[in-house]
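Scroll down for the structure; my scribbles are underneath it.
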Amino acid sequence: MKNPYISLDIFSSPKTEKDRIERAWENFISGQNLVSEVRSLTYQSWERSIRHGVHPTKGRAPLVLSQDEIQEYQTTHTFFSISESLLPKLKESAIDSGHLIVICNHKGELLYLDGDASLKKKAENINFAAGTSWSESYVGTNAMGTSLATGVPMQVFAGEHFCQPVHNWVCSASPIKDPATQKVLGAVNLTGIWDVVHPLSLSAVVSITQTIEEKLQSQLKFEHFLLLEHYIETTRKNPSKIVAVLDRGHQVIKASTPWYDKGWIDYNNRLINSLSVCSGTEGMKDGWIFESVPLYHQGFPIGFMIHAISKVKPLNKTGFSTKYSFTNMIGKSPEFQSVIDEAHTMANLDLPVLIEGESGTGKELFAQSIHAYSHRSEAAFVAVNCGAIPKELAASELFGYEEGTFTGSIKGGRAGKFQQAEGGTIFLDEVGEMPLDLQAMFLRVLEEREIVRMGGREPIKLNVRVIAATNCNLKKACEEGTFRKDLYYRLNILSLQVPPLRERTGDVPLLLNHFLTKTCAEIRRPPLKIDDQDMFVLEQYEWPGNVRELRNFAYKVAIKANGNVITSSDFPKEIGLTKRIINYSATDHTHQKLNNKEQPLILTNPSSSQEESVNYPTSLKQQELHMILMVLNEANGNVTAAAKKLGIHRSTIYRKLGRNTKNESLSNNNG
């Protein structure tokens, strides 16, 4: 039986087959669906091409990737860096056999193309070049697009291509699969003119992809080794932790005994279906909470660590406990998630942590989460607001006092906050407000790990972790002499920068919906919604009070709103004024030409006479364009600065402006 993946066997006549397939293609296009005239794989692909709406005579591969994006893809995707080591020999073989060697990603976008020079020029005539997409959805049946769609190797000859301009070509492609996830990462393809067709061309690309997959398998074994190290280190520091470590494909590498005893892992060494492994999510089963933490190596994800936490915690006899953990964190923005990942890592290091951020960003939430995630979680969490303690009482509050130290002192003396936190964590909020004389005493506690009560002589050993937080600039306070430099550097061993809400891209809707749901339940009113246009206004507001202000906003509008939909008329005055920044019309989006040195992108400012008018974006694309233009305006047209703030690549800004502003041109001064 003939191999269903190759077009011709070695004994077939290419010319005869080319003519026969051309007639079959013409019959199919004219509506005569004669299945027997072509291979079933080809016929099925033709049918998909029709469903995709590909034009059989005018279909053309679009250019979808810029050179910057291609380079970015090449440097950030492992499968390409592995393939790259094989390219010199592959190029040499392609030239010798009159072919082009091509590598594409999982979307069919060409990342690399080289080989016979004269053939490259011919390929350009059909838009077969780096950066174009040869997905079936764009150009119908072709070896790369079809192998990606089916997950199997495929040779496509002459008229088997769905688009007529490609009928003089033959291509052989084989998909590359990730050994961890079994997802298709891309494909390797050999392309030539139809008369160089040979069944061994497909065997060659299959052999190449097998070599790449073997190298990916070796890398996966190294990742498993790193994951095992994570597991060993976690259980060494915290023997009581119930954890499992999984690779990128959700295969369990190692797990604590209870995972198996409780049936949470199936016979395939995978988690049972009811347990989630998505980053930062919380699952529940039989009174247990499962928290997933992503693990990385050199910036690349390699797997997950999942912690099983019993909802029934041992009684904390101190009376000091936490209300929050990482599972209470709401936010999917990269800015916020990166801080959560850092905090996860810090939790079990048992070193001082300094949390910096504006008021209302959730610094205590992070402090409690770090404690709840650490090996000290069953001990006390004692929070102290350094700015709220009277100076004359601060020392006794923190360090305690002996009996008879002053009039009115309690018999037997009193333990201070540090002693109350023994075995656990003390959280010093607004640490920048601590008086200088107290700072000296605090520094000694950090260095000696012991305290002396007021009126006492004997030092008392301490086993307490310190987490401090501030909304002021401690470096500046050190320069001004209001905060000790030695204390600052002793506190700042591990530091977290909690981003303000205005820098957490996309988190406002998530948080607002959470607060509205909670508020409506509290005041016993039906759930409230807010339309996209008004939500867009809220996303542009600066939120100087951060999450705390957003929570208060939810209470205000929930009480004020008459119907079940919140509108801008329900907004407080200061938020209503943010409508001005949305007032850009299509004619306002003018900009100057850019040269290769990146001149600032010049945008016209909104007219002051239109300050109170509202011109809402009518679609998500327009909203996206408005956001880009607004940030560009704030960055004085500096594309690099705007891209950094938006968390996207520079080329993405150019591309989106080019797509959305049809009446404008963006070109280089040098042509």
Side-chain angles (χ1 to χ4, degrees), residues 328-337 339 357-362 365 498-523 525-585 588 606 610-635 642 645-648 656 660:
N328 300 109
M329 300 285 193
I330 299 171
K332 295 294 183 183
S333 64
E335 299 87 352
F336 192 60
Q337 283 296 317
V339 181
E358 297 176 8
S359 293
T361 51
L365 177 59
V498 183
L501 186 54
R502 62 182 174 276
E503 293 178 7
R504 291 172 53 179
T505 312
D507 280 353
V508 168
L510 283 174
L511 285 161
L512 181 56
N513 287 330
H514 167 76
F515 290 137
L516 283 175
T517 301
K518 187 176 178 181
T519 303
C520 290
E522 285 179 11
I523 64 176
R525 68 162 297 163
L528 287 167
K529 293 182 179 179
I530 182 167
D531 65 42
D532 290 343
Q533 290 181 344
D534 288 328
M535 184 67 83
F536 181 71
V537 173
L538 295 178
E539 288 187 273
Q540 311 318 307
Y541 178 58
E542 289 291 310
W543 296 106
N546 293 294
V547 178
R548 186 181 293 120
E549 182 183 2
L550 182 61
R551 182 190 61 199
N552 293 342
F553 168 81
Y555 275 103
K556 289 177 182 177
V557 294
I559 293 168
K560 184 178 180 181
N562 292 321
N564 292 332
V565 178
I566 298 169
T567 66
S568 56
S569 62
D570 300 313
F571 293 176
K573 183 179 179 181
E574 64 271 15
I575 295 178
L577 291 175
T578 63
K579 295 177 185 178
R580 291 181 299 180
I581 65 172
I582 307 174
N583 187 33
Y584 288 95
S585 64
D588 287 325
Q610 298 172 325
E611 204 168 70
E612 297 301 329
S613 66
V614 181
N615 182 16
Y616 289 108
T618 57
S619 70
L620 288 176
K621 284 187 177 180
Q622 285 178 311
Q623 290 180 17
E624 181 181 56
L625 177 61
H626 279 278
M627 174 64 77
I628 290 172
L629 289 166
M630 184 188 72
V631 175
L632 276 168
N633 195 61
E634 291 173 354
K645 186 170 183 180
L646 289 165
I648 59 178
K656 290 185 180 294
N660 288 284

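The shortest distance between side-chain heavy atoms of Leu528 and Val557 does not fall below 4.5 Å.
Heavy-atom minimum distance, Thr361 versus Val547: O-CG2, 4.5 Å. Of all heavy-atom pairs between Thr505 and Ser333, the closest is O-CB, 3.1 Å. Taking every heavy atom of both residues into account, Leu550 and Val508 meet most closely at CD2-O, 4.1 Å. Contact record, Ala561 with Ile566: CB-CG1, 4.3 Å, taken as the closest heavy-atom pair. Nearest heavy-atom pair, Ala554 versus Leu512, reported as atom, atom and distance to 0.1 Å: CB-CD1, 4.1 Å. Taking all atoms of both residues into account, the shortest heavy-atom contact from Ala642 to Ala635 is N-CB, 4.1 Å.
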Original post:
Step by step, would you call Asn564 with Arg525 a side chain to side chain contact (heavy atoms under 4.5 Å, CB included)?
Top reply: CA-CA 9 Å; Asn564 292 332; Arg525 68 162 297 163; 4.1 Å; yes
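Panel note: side chain Gln337, backbone Gly331; a donor-acceptor pair is recorded below 3.5 Å. Side-chain N or O atoms of Asp570 include one that pairs as donor or acceptor with a backbone N or O of Thr567 at under 3.5 Å. Panel note: side chain Trp543, backbone Leu538; a donor-acceptor pair is recorded below 3.5 Å.
Between the OH atom of Tyr555 and the CG atom of Leu516 there is a distance of 11.0 Å, given to the nearest 0.5 Å. Rounded to the nearest 0.5 angstrom, Arg548 CZ and Leu501 CG are separated by 12.5 Å. In this structure, OG on Ser568 lies 13.0 Å from CE on Met535, to the nearest 0.5 angstrom. The distance from atom NE2 of His514 to atom CG of Asn328, rounded to the nearest 0.5 Å, is 8.0 Å.
Residue Lys518 places its NZ atom among 12 or fewer non-hydrogen atoms of other residues, nucleotides or ligands, all under 6.0 Å distant.
Judged as a ring-ring contact (aromatic ring centres under 6.0 Å, His included), and not counting sequence neighbours, Phe515 has no contacts.
For Phe553 and Phe571, the ring centers sit closer than 6.0 Å to each other.
For the salt bridge (Lys or Arg N to Asp or Glu O under 4.0 Å) condition, the pairs that include at least one residue of residues 501-512, sequence neighbours left out, are Glu358-Arg502, Arg502-Glu542, Arg504-Asp507.
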